Amino acid sequence: MYHYSELGQVNTREMFKKAYDEGYAVPAFNFVSIEQFNGIMDAVIEKRSPVILLASPNLHKQLGYEMLARIVQSGTDRIRNQGLDIPVALHLDHGMTFAQCVDAVEFGFSSIMIDGSALPFKDNVALTKKTVEYAHRHGVTVEAELGVLSGAEEGGDVGHHESLYTDPGMVEEFAKETGCDSLAISIGTCHGLVKIKANPDGTLPELRYDILEDVMRRVPGFPIVLHGASTIEPRFVDMINAYGGHIEAVAGIPEEQVTKAARMGVCKVNIATDGWISALANTRKILAENPGAIDSRVFTLKNRGLLKEIYLHKIDVMGSAYKA
Ligand code: 13P
């Protein structure tokens with residue numbers, strides 16, 4: 001078992017305070033491969049941006065705890081060896097049970113999410129409060145969720161089919177009762193490829209900034225989180241479909257809407273799908289162009305470069321690059 005500081009990480013408390021004060025969001029990126037992890041680290045080191053590494057409960061099933069620890073440590077070592085001061089948090093994304101959160105804290109995560117959003121309010125409060133009491137004894141910060149996002153996450157863990165906007169009237173009581181450190185709210189973003197529908201005139205609907213504003217008025221300075229904020233660039237959807245895949249073209253969350261939310265006070269924005277579809281599209285294309293390939297490095301190295309570009313751009317969208 002590790003303590004999170006041994007892995008070179010920090011919890012989210014100071015990160016969020018700085019982000020809120022300076023009007024940017026800390027990028028939170030899911031990773032499922034070493035190339036993706038390296039692409040994230042390449043980008044945050046170049047931009048000197050804080051980062052939250054999102055690991056779902058499935059990721060440690062895939063990699064094992066030891067491997068996950070070594071990967072994360074390799075990233076924080078790179079930062080330290082270059083004499084840089086870039087905060088990194090390892091965060092459990094969508095912990096669905098108290099047991100999953102305990103596992104993550106014991107392993108050395110510096111931050112966790114307990115997602116009781118599908119539960120009735122009272123049960124969400126009870127589960128979150130219990131998790132917060134446990135995590136805080138270990139110096140670990142806790143994100144909770146109020147309101148339901150539609151869409152499915154990695155492995156179908158988060159499979160809500162309806163979107164239920166957060167009721168701002170419940171936020172203050174929820175934050176006070178549970179003691180959580182940050183709160184994911186539902187203002188129109190969606191997980192995965194189930195994104196927004198265009199208006200009849202072809203324009204895209206706006207996120208519900210009115211809900212965000214109302215929430216922020218009721219809990220000023222409290223860190224608010226946006227999940228489901230991928231853009232879904234059509235070029236990658238087209239590439240996947242051109243090289244043997246079949247996915248629906250959907251509209252993601254326009255980048256300027258994410259930037260606006262970050263400037264308004266959202267402290268953390270989660271991105272998974274944009275990383276996955278870009279690397280997968282590139283892999284399909286490279287394999288189609290190299291039918292005799294027998295070594296996965298034909299695509300892994302190129303994917304790292306592409307992912308770095310994707311994450312550099314996300315950091316600009318969220319405004320989190322170091323400003324001298
Ligand atoms: P996207 O599916 O929009 O990338 O959102 C990911 C997410 O919110 C992870 O928790």
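Note that ligands are numbered from 1 as they come in the structure, with each ligand's atoms numbered from 1 the same way. Bear in mind the structure is a predicted one, so any value in this text is a computation, not a measurement.
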J.: Given that the side chain starts at C-beta and the backbone is N, CA, C, O, which of these parts of Asn30 lies under 4.0 Å from ligand 1, counting heavy atoms, or is it both or neither?
T.: side chain

J.: Return yes if a side-chain donor-acceptor contact under 3.5 Å exists between His94 and His227, otherwise no.
T.: yes

J.: Give the atoms of ligand 1, by number and element, whose distance to some non-hydrogen atom of His227 is under 4.0 Å.
T.: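 Within the 4.0 Å cut-off of His227, ligand 1 contributes 8 (O), 10 (O).
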
J.: Based purely on interatomic distance, does Ala272 place a nitrogen or oxygen under 3.5 Å from a nitrogen or oxygen of ligand 1?
T.: yes

J.: Can you classify the ring geometry of Tyr311 versus Phe29 as parallel (below 30°), tilted (30 to 60°) or perpendicular (above 60°)?
T.: tilted

J.: Ala28 near ligand 1, heavy-atom distance under 4.0 Å?
T.: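 No; Ala28 lies far enough from ligand 1 that no heavy-atom distance drops under 4.0 Å.
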
J.: Would you mind listing which atoms of ligand 1 come within a distance below 4.0 Å of any non-hydrogen atom of Asp93?
T.: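 It comes down to these atoms of ligand 1: 9 (C), 10 (O).
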
J.: For ligand 1, which atoms sit closer than 4.0 Å to a heavy atom of Ser230?
T.: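 Counting from 1, the qualifying ligand atoms are 1 (P), 3 (O), 4 (O).
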
J.: What part of Thr273, side chain, backbone, both or neither, has a heavy atom within less than 4.0 angstrom of ligand 1?
T.: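 Within the 4.0 Å criterion, Thr273 contacts ligand 1 through backbone and side-chain atoms alike.
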
J.: Looking only at side-chain N and O atoms, does Thr128 offer a donor or acceptor that is under 3.5 Å from a partner on Thr178?
T.: no

J.: With no hydrogens and no angle check, is any side-chain donor or acceptor of Asp115 less than 3.5 Å from a backbone partner on Ser117?
T.: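 Yes; at least one donor-acceptor contact below 3.5 Å.
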
J.: Report, in ascending order of atom number, the atoms of ligand 1 lying under 4.0 Å from any heavy atom of Ile271.
T.: 4 (O)

J.: Which of the atoms of ligand 1 are close to His94, meaning less than 4.0 Å from one of its heavy atoms?
T.: 10 (O)

J.: Report yes or no: do His191 and Asn270 form a side-chain donor-acceptor pair below 3.5 Å?
T.: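 There is no such pair (donor and acceptor under 3.5 Å, judged by atom type) between the side chains of His191 and Asn270.
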
J.: Compute both the distance and the angle, then confirm whether Arg208 meets the cation-pi test with Tyr165: under 6.0 Å from the six-membered ring centre, within 45 degrees of the axis.
T.: yes

J.: Between Thr283 and Asn303, is there a side-chain donor-acceptor contact under 3.5 Å, judged purely by atom types and distance?
T.: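 Result is yes, a qualifying pair exists.
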
J.: Any idea which atoms of ligand 1 are less than 4.0 Å away from a heavy-atom of Cys190?
T.: 3 (O)

